[in-house]
Amino acid sequence: MSALELFSIGIGPSSSHTVGPMRAAAGFAAALGDAGILPEITRVSCVLYGSLAATGVGHGTPDAVVAGLEGLHPEDCDPSRVHGAWARAAERGSLMLGGDDGSNSSRDDDQGDARDSSINAKTDITSSSNGNGNGNGNGNSSDAGSRDVTTVPFAASDITFEPRTKLPEHPNALTLRAWTSPQAPRSHAEVGTGTPVVIIPTGPAANRPTATAPAMTRPGSAPERGATAATGEAGSAAPDDAEPGETPAFEQTWLSVGGGFVRLREEPAAAATPAIESELAFDNAAELLSLCAELGVGMCDIAWRTELAARSEQEVLDGLDAIARAMHECIERGLRPGTRELPGGLHVPRRAGAMRERLEACGPDQPDLPGEWMRAFALAVNEENAAGGRVVTAPTNGAAGILPAVLEYHLRFNPNTSPDDARRFLLTAAAVGSILKANASISGAEGGCQAEVGSACAMAAAGLTAVLGGTPTQVENAAEIAVEHHLGLTCDPVGGLVQIPCIERNAIASSTAVSAARLALSGDGHHIVPLDVAIETMRQTGADMSDRYKETSAAGLAVNVIEC
């Protein structure tokens with residue numbers, strides 16, 4: 001898949017729990033507009049399932065859903081308009097479906113939002129890119145003034161949580177419904193891939209959690225019941241989020257499959273991550289190595305030629321440069337001085353700024369100074385992400401600090417860099433990441449943290465090996481080392497927040513990526529365990545792993561660390 005799809009510029013704190021749900025909600029609102037039924041809608045509701053319900057509040061999922069319904073997109077929105085959107089809409093008692101009213105435009109510097117940066121990038125990349133740099137949207141941004149909008153009543157309880165309901169297609173799922181009251185006309189036209197529903201509610205509305213106690217629990221909600229309600233098939237029992245006298249007019253169930261990618265439940269898995277049709281397509285690392293050997297080129301060259309099958313050369317260059325620039329700017333924002341506390345209630349302090357001040361005061365004889373800076377870069381990115389700021393999904397938000405840290409480390413401390421190094425790094429990393437995503441997973445809810453941090457570490461190790469002059473077999477070896485030594489890593493965020501152990505884990509994994517690259521470069525590329533075997537082992541390990549260790553905060557550190 002394209003590097004411009006795999007690396008998407010969005011907001012924190014989670015690609016699967018924030019970026020994906022926002023895209024799904026924006027797609028739902030757009031579908032209502034396409035159907036021509038927005039004026040008839042009197043309420044919208046959302047049911048979060050599985051991991052989205054279990055850790056959604058800590059990951060900002062309800063905020064993302066409201067923001068998406070109001071027409072915001074993660075690629076270009078002001079992050080401050082997403083933070084607290086759920087509570088603000090509930091306080092107003094309404095939301096503007098399909099377009100927001102501009103009331104959420106205030107900025108909070110402590111939230112790590114995307115501000116104009118006066119800091120010049122220290123890479124050699126130059127470009128006139130528009131700053132978007134990704135094709136991963138499932139709903140492109142558009143001018144709010146050109147959209148059909150309608151204001152509907154909203155209460156915090158219009159977003160409900162079913163943590164014990166896991167849909168068979170993916171553990172991260174949400175169902176969005178649009179309702180009409182008996183006083184409003186109703187449309188039965190089916191538009192796009194939404195499901196028009198004609199159901200007469202037969203019972204009182206179920207009790208739902210409130211904004212102050214989104215309780216992640218719904219006593220008495222059996223998985224079978226939640227899954228049935230999510231199908232939205234005509235003739236099924238009434239959805240349990242119905243208000244008395246309402247009729248559901250339109251619904252969609254979306255899957256947030258990791259990395260910010262989403263697809264409708266009824267769509268094939270490939271719909272979330274469409275592949276580029278190219279004569280150089282590859283399905284695994286063995287095929288990629290074969291292409292490299294046949295053509296006498298590196299992995300980044302195969303990835304580059306594949307990109308050109310779908311986009312112009314300038315589009316690809318602009319996109320890669322925008323991604324590299326966004327990574328650098330995120331690091332610089334995260335390194336700003338000052339002691340601040342991350343949101344969420346764990347009272348986790350930001351440390352990257354203080355590390356910058358300490359490292360700048362160090363003399364040149366400081367042991368491992370470049371490595372210290374690299375770990376500071378990783379902390380900076382993940383602290384920005386935890387605060388909901390502008391980050392690059394690489395390949396997820398929970399692992400967003402590893403690739404930028406390793407790339408910045410190389411560009412800043414290697415005296416022999418070239419102007420194309422950032423592009424070569426990203427293309428190589430994307431080639432490896434595409435294989436990981438296709439043959440295992442990059443979703444913590446699906447494969448644990450091995451799928452997120454393990455994948456990012458492998459991608460960074462491959463990219464670094466490539467720009468240091470490694471052969472394709474050495475690049476493949478570096479990626480394999482990184483995957484192998486993250487097998488079994490669990491995802492157990494304390495408090496459902498992307499903070500503990502996530503932030504430090506990125507710093508450690510960036511060091512592991514450099515170590516993997518150096519180990520691979522010290523050999524000739526021949527090794528015992530192929531990358532494809534390590535990736536298949538990751539897939540099997542993820543399948544065997546208990547759901548309690550897959551982004552549900554139901555085991556591990558999440559239950560053994562006191563949250564106060």
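Sequential numbering from 1 along the given sequence is applied to the chain's residues. Predicted, not measured: the structure shown is a model, and the values here were computed from it.
By the 4.5 Å heavy-atom criterion applied to side chains, Val257 and Lys437 are counted as neighbours. For the pair Leu346 and Leu497, the minimum side-chain heavy-atom distance is below 4.5 Å. Side-chain contact between Gln252 and Leu264 is present, with heavy atoms from C-beta onward closer than 4.5 Å. Counting heavy atoms from C-beta outward, Ile503 and Glu383 have side chains that approach closer than 4.5 Å. Counting heavy atoms from C-beta on, the side chains of Val47 and Leu174 never come closer than 4.5 Å. Taking the side chain as every heavy atom from C-beta outward, Leu176 and Phe250 never approach each other to under 4.5 Å. Between Leu320 and Leu427 there is a side-chain heavy-atom pair separated by less than 4.5 Å. At least one side-chain heavy atom of Leu557 sits under 4.5 Å from a side-chain heavy atom of Pro501.
Under the 3.5 Å distance criterion, the side-chain polar atoms of Thr393 are left unmatched by any main-chain donor or acceptor of Gly259. A donor-acceptor pair under 3.5 Å links the side-chain atoms of His83 to the main chain of Gly388, judged by distance alone. Using modelled atom types, one side-chain atom of Gln450 and one backbone atom of Gly447 make a donor-acceptor pair closer than 3.5 Å. Remark: the backbone N or O of Arg265 is not paired with any side-chain donor or acceptor of Trp254 at under 3.5 angstrom. A side-chain donor-acceptor contact under 3.5 Å links Glu315 to the backbone of Ser312. For Arg311 (side chain) and Gly319 (main-chain N/O), no donor-acceptor pair under 3.5 Å exists by modelled atom type. In this structure, the side chain of Asp158 engages the main chain of Ala155 through a donor-acceptor pair within 3.5 Å. Judged by distance alone, with hydrogens and angles left aside, the side-chain atoms of Asn172 form no donor-acceptor pair with the main-chain N or O of Ser16 at under 3.5 Å. The backbone N or O of Ser181 lies less than 3.5 Å from a partner atom in the side chain of Thr42, making a donor-acceptor pair. Between the side chain of Thr61 and the main chain of Gly56, a donor-acceptor pair closer than 3.5 Å is present.
A pairwise comparison of heavy atoms in Gly68 and Ala29 identifies O-CB, 4.4 Å as the closest pair. In this structure, Thr18 and Gly60 approach most closely via the heavy-atom pair CG2-O, 4.4 Å. The heavy-atom pair separating Phe154 from Val66 by the smallest distance is CZ-CG2, 3.8 Å. Summarising the geometry of Thr165 relative to Tyr49, their closest heavy-atom pair is O-CB, 3.4 Å, with the distance given to 0.1 Å. The two residues Gln499 and Pro343 have their closest heavy-atom pair at NE2-O, 2.7 Å. The two atoms that bring His73 and Ala26 nearest to each other are CE1-CB, 3.7 Å, heavy atoms only.
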Apply side chain to side chain contact (heavy atoms under 4.5 Å, CB included) to residues Asn385 and Val498 and explain how you reach the verdict. CA-CA 8 Å; Asn385 178 68; Val498 193; 3.8 Å; yes

Evaluate the criterion side chain to side chain donor-acceptor pair (under 3.5 Å) for residue pair Glu452 and Thr396; output intermediate values, then yes/no. CA-CA 6 Å; Glu452 295 202 34; Thr396 67; 2.7 Å; yes

Show your reasoning for whether side chain to side chain contact (heavy atoms under 4.5 Å, CB included) applies to Arg390 and Ile9. CA-CA 7 Å; Arg390 176 76 58 204; Ile9 300 172; 3.5 Å; yes

Full working for side chain to side chain contact (heavy atoms under 4.5 Å, CB included) between Ile11 and Val391: CA-CA 5 Å; Ile11 64 169; Val391 298; 6.0 Å; no

Could you walk me through whether Arg505 and Cys449 satisfy the side chain to side chain contact (heavy atoms under 4.5 Å, CB included) test, starting with their C-alpha distance in whole Å, then the side-chain angles of each, then the deciding distance to 0.1 Å, before giving a yes or no? CA-CA 10 Å; Arg505 187 168 285 177; Cys449 198; 3.3 Å; yes

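Interatomic distance, Arg539 CZ to Thr541 OG1, rounded to the nearest 0.5 Å: 9.5 Å. Atoms CE and CG, from Met459 and Leu436 in turn, are 7.5 Å apart once rounded to the nearest 0.5 Å. To the nearest 0.5 Å, atom CZ of residue Phe28 and atom SG of residue Cys46 are 9.0 Å apart. How far CG of Asp321 is from CD of Gln314: 8.5 Å, rounded to the nearest 0.5 Å. Here the CG atom belonging to Asn397 is positioned 11.0 Å from the SG atom belonging to Cys502, to the nearest 0.5 angstrom. To the nearest 0.5 Å, atom CZ of residue Phe261 and atom OG of residue Ser15 are 9.5 Å apart.
Checked against Glu70 for a salt bridge (Lys or Arg N to Asp or Glu O under 4.0 Å), the options Arg88, Arg92, Arg81 give a single hit: Arg92.
A donor-acceptor contact closer than 3.5 angstrom is absent between the side chains of Glu551 and Thr55. Looking only at atom types and distance, the side chain of Glu40 has no donor-acceptor partner in the side chain of Thr180 under 3.5 Å away. Checking Thr247 against Trp179 by side-chain atom types alone, no donor-acceptor pair falls below 3.5 Å.
Other residues, nucleotides and ligands contribute at most 12 non-hydrogen atoms within 6.0 Å of the CD atom of Glu91.
Partners of Lys550 by salt bridge (Lys or Arg N to Asp or Glu O under 4.0 Å), not counting sequence neighbours, listed by chain and number: Asp547.
Between Glu75 and Arg23 there is a salt bridge, with a side-chain nitrogen of the basic residue lying less than 4.0 Å from a carboxylate oxygen of the acidic one.
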